[in-house]
2 protein chains.
Amino acid sequence: MVNKNTESPEQKQPLVKPGIKPPPSKVQMDDIARLAGVSVSTVSRALSHSPLVSAKTQVRIAELAASLKYSVNVGAQNLRRGQNRTVAVVIPYDSSSRQHVSDPFFIGMLGSIADALTLQGYDMLLSRIDAERLDLAAQYCDSGRAVGVIVIGQWRHHDQLNELAARHLPLVVWGAELPKQMYCTVGSDNVEGGSLATGHLLKTGRRRIAFFGDTQMPEVAQRFEGYERAHAALGLPMSEELNVVVPFVAEAAREAVKSLVAKKIAFDAIFACSDLLAITAIGALRDVGLSVPNDIAVIGYDDVDMASYCHPALTTIHQSIEVAGRALVDALLAIQRGDEALPNHLPTRLVIRASA
Amino acid sequence: MVNKNTESPEQKQPLVKPGIKPPPSKVQMDDIARLAGVSVSTVSRALSHSPLVSAKTQVRIAELAASLKYSVNVGAQNLRRGQNRTVAVVIPYDSSSRQHVSDPFFIGMLGSIADALTLQGYDMLLSRIDAERLDLAAQYCDSGRAVGVIVIGQWRHHDQLNELAARHLPLVVWGAELPKQMYCTVGSDNVEGGSLATGHLLKTGRRRIAFFGDTQMPEVAQRFEGYERAHAALGLPMSEELNVVVPFVAEAAREAVKSLVAKKIAFDAIFACSDLLAITAIGALRDVGLSVPNDIAVIGYDDVDMASYCHPALTTIHQSIEVAGRALVDALLAIQRGDEALPNHLPTRLVIRASA
DNA sequence: GTGAAAGCGCTAACAT
DNA sequence: ATGTTAGCGCTTTCAC
């Protein structure tokens with residue numbers, strides 16, 4: 001009943017009037033303490049399982065708290081402890097075409113990251129940020145809302161990411177490892193993936209493999225490197241005209257097919273840099289009367305769920321979303337602890353289905 | 001340099017030793033104040049655009065803050081102001097098969113909610129919660145981390161949701177409006193959607209329409225009601241055996257098709273309660289030698305991106321993800337303000353493509 | 001227009 | 001094993 005204020009007895013009026021919301025009047029540690037007949041310190045200690053408070057009291061207080069549906073105010077706790085258990089996850093979007101966020105692969109990763117964070121007792125703050133303003137992500141750290149940032153997708157924003165990292169905030173990016181990069185990346189082994197895909201096509205007799213992707217993006221560039229290596233390994237030639245610039249939006253794949261056909265460029269296979277592109281390409285091929293895999297073999301990348309449901313079932317390069325999420329989170333928490341986290345190349349796997 | 005502590009001059013030692021992290025030593029309001037030659041109050045006021053501080057000073061302080069990359073500590077601000085601008089978004093998962101989170105529709109909604117929240121100046125705390133433990137969502141509010149909760153997907157957890165709502169936390173659920181519900185829902189007009197889909201099939205001459213969905217879920221039950229109404233409107237009979245229990249996982253649709261065929265139940269169309277089910281069903285039909293739409297017309301629900309890319313392009317019921325996200329957020333914020341938010345039925349639209 | 005000081009809800013020395 | 005107290009970084013009254 002007694003205020004902690006020991007000055008004048010009548011000075012009970014809080015300086016700041018609380019908002020006009022008495023009904024949901026939050027129960028707080030004070031209340032628990034009063035009801036339990038102990039001090040707030042004891043409650044605090046009990047609730048954080050301090051060995052200083054007897055097991056008996058701990059249980060009693062825990063039950064009291066539960067019955068009152070009391071939960072420690074995390075904001076106040078963080079402030080006092082000077083810590084924080086929240087990670088910001090950022091999905092960059094292209095200000096012109098917000099499209100790519102719909103790519104099922106990124107999306108799946110979100111769930112996987114959420115699970116990995118939960119497992120470590122962290123909360124996830126999700127936000128989409130204009131890819132041209134990635135610097136805004138720093139705010140989450142500057143303002144103490146998050147201890148670090150995971151960016152899903154490197155796109156062609158290497159420089160911006162480097163600048164972000166220069167601000168010394170814990171940062172991990174899903175993407176490709178690049179020379180002189182100041183931030184930590186986690187990504188699939190793109191060179192290997194590209195090589196696996198291309199190798200499979202070559203081994204099954206395809207010789208004119210169209211590459212669908214935008215090599216301005218580091219990950220795509222590395223997949224293309226795998227494409228080249230697979231050719232080189234077998235001493236087979238490549239053709240410049242088969243390297244088609246296709247950004248990660250479905251429509252682009254459709255047009256790429258059309259343009260190849262219109263230009264009468266001969267090809268007997270497509271290696272698309274995402275399943276989305278591959279599936280759309282298959283549709284476009286069908287529209288022009290080409291059959292998959294008889295006329296054209298098609299191979300994708302990611303192995304999203306839909307890859308096995310579509311027709312023909314998609315042969316593709318599998319990246320494990322679960323492993324990816326865990327790796328991203330582990331790397332971030334390591335950096336935050338002050339440990340060094342090296343760029344991580346996750347293994348890929350060829351999944352052979354019907355399309356190639 | 002001087003501590004606010006006016007007691008003993010040598011009492012500079014902070015009571016609590018800061019963690020061993022001097023390098024990223026956070027700049028705070030103190031620092032800005034000192035550099036600007038004003039008090040923290042003035043900085044605080046300037047940064048929140050109080051009319052009490054002159055425009056000139058405001059600009060000066062804003063620039064100083066920007067140059068030091070200072071951002072007000074949101075935790076402390078919230079604590080002091082007794083407010084909070086974070087909303088928890090929960091995706092329930094089935095503890096046995098975490099599957100459904102991969103449904104592209106829910107996923108898309110996430111992005112749309114994120115955008116709507118950002119627009120309103122709110123942050124989004126994302127978490128997956130075991131569908132059997134939805135009560136855990138209350139913690140986000142009890143602990144002051146969030147001001148309210150948006151649950152994406154009602155599933156068959158009406159009762160649990162009601163209990164959650166009984167705790168008087170701002171709660172909005174994506175799902176169907178149910179009698180005696182204590183929480184606010186936002187959902188598409190499922191009866192209308194079901195009726196549109198079925199009506200289209202009936203109008204195009206189909207008479208034995210298999211319904212793929214689990215009517216234990218309120219949304220599905222309402223779509224089935226639309227299915228019934230469409231039949232009734234034309235005075236056409238339905239057949240019990242065509243109502244197939246199919247949960248929202250791809251594999252289930254495949255099996256439903258197989259079982260229908262195995263039992264030699266005649267049908268000339270499928271109305272599937274999600275595009276995912278529809279697309280998988282199409283694959284399964286093909287596997288047993290039935291062609292779409294010639295032998296069997298198939299119609300889906302959601303109109304996810306993939307619906308237009310797959311083959312044959314899917315005829316489906318469109319639900320606008322953007323509108324949905326905005327509606328969910330608007331409802332939640334209204335409730336939080338103390339306003340009443342009525343259950344919201346978003347319009348649906350039939351999108352006719354190739355599959356029906 | 002500005003500053004001093006109290007206190008948001010909590011934790012952790014420090015003192016018993 | 002428990003209570004007392006200072007203070008985390010900020011906002012806002014109150015006094016000028």
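For the numbers below, each heavy atom of this structure counts, side chains included, while hydrogens, waters and symmetry mates do not. A note on names: the letters A, B, ... follow the listed sequences, proteins ahead of strands, and every chain is numbered from 1.
Remark: B:Arg167 engages B:Asp142 in a salt bridge, criterion side-chain N to carboxylate O under 4.0 Å.
Nucleic acid contact class of A:Ser54 (heavy atoms, under 4.0 Å, all strands): sugar-phosphate only.
A:Ser54 and A:Thr57 form a side-chain donor-acceptor contact under 3.5 Å, judged by distance and modelled atom types alone.
When the P atom of D:dC8 is taken as reference, atom CG of B:Asn78 falls 19 Å away, rounded to whole Å. If you take NZ of B:Lys56 and C1' of C:dT2, they are 14 Å apart, rounded to a whole angstrom. C:dG3 atom P lies 14 Å from atom CZ of B:Arg34, rounded to whole Å. If you measure from atom CZ of A:Arg81 to atom P of C:dC8, you get 20 Å, rounded to the nearest angstrom. Rounding to whole angstrom units, CG of residue A:Asn73 and P of D:dC8 are separated by 18 Å. What separates CE of A:Met29 from C1' of C:dT11 is a distance of 8 Å, to the nearest Å. Regarding B:Leu52, its CG atom lies at a distance of 11 Å from the C1' atom of D:dT13, rounded to whole Å.
Taking the side chain of A:Thr42 as heavy atoms from C-beta on, and the options D:dT11, C:dT11, D:dG3, the nearest nucleotide is D:dG3. Listed candidates were D:dT4, C:dG9, C:dG3. Nearest to the side chain of B:Val38 is C:dG3. Comparing atom distances between the B:Val53 side chain and each of C:dT2, D:dT11, D:dG9 picks out C:dT2 as nearest.
Within the structure, a side-chain polar atom (N or O) of A:Tyr70 is placed less than 4.0 Å from OP1 or OP2 of C:dC10.
For A:Thr57 against D:dA1, no side-chain N or O and base N or O form a donor-acceptor pair under 3.5 Å. For A:Ser39 and D:dT4, a side-chain-to-base donor-acceptor distance below 3.5 Å is absent, hydrogens and geometry of angles not being considered.
Shown are B:Asp330, B:Thr185, B:Val172, B:Val186; of these, the side-chain contact (heavy atoms from CB on, under 4.5 Å) with B:Asn344 is made only by B:Val186.
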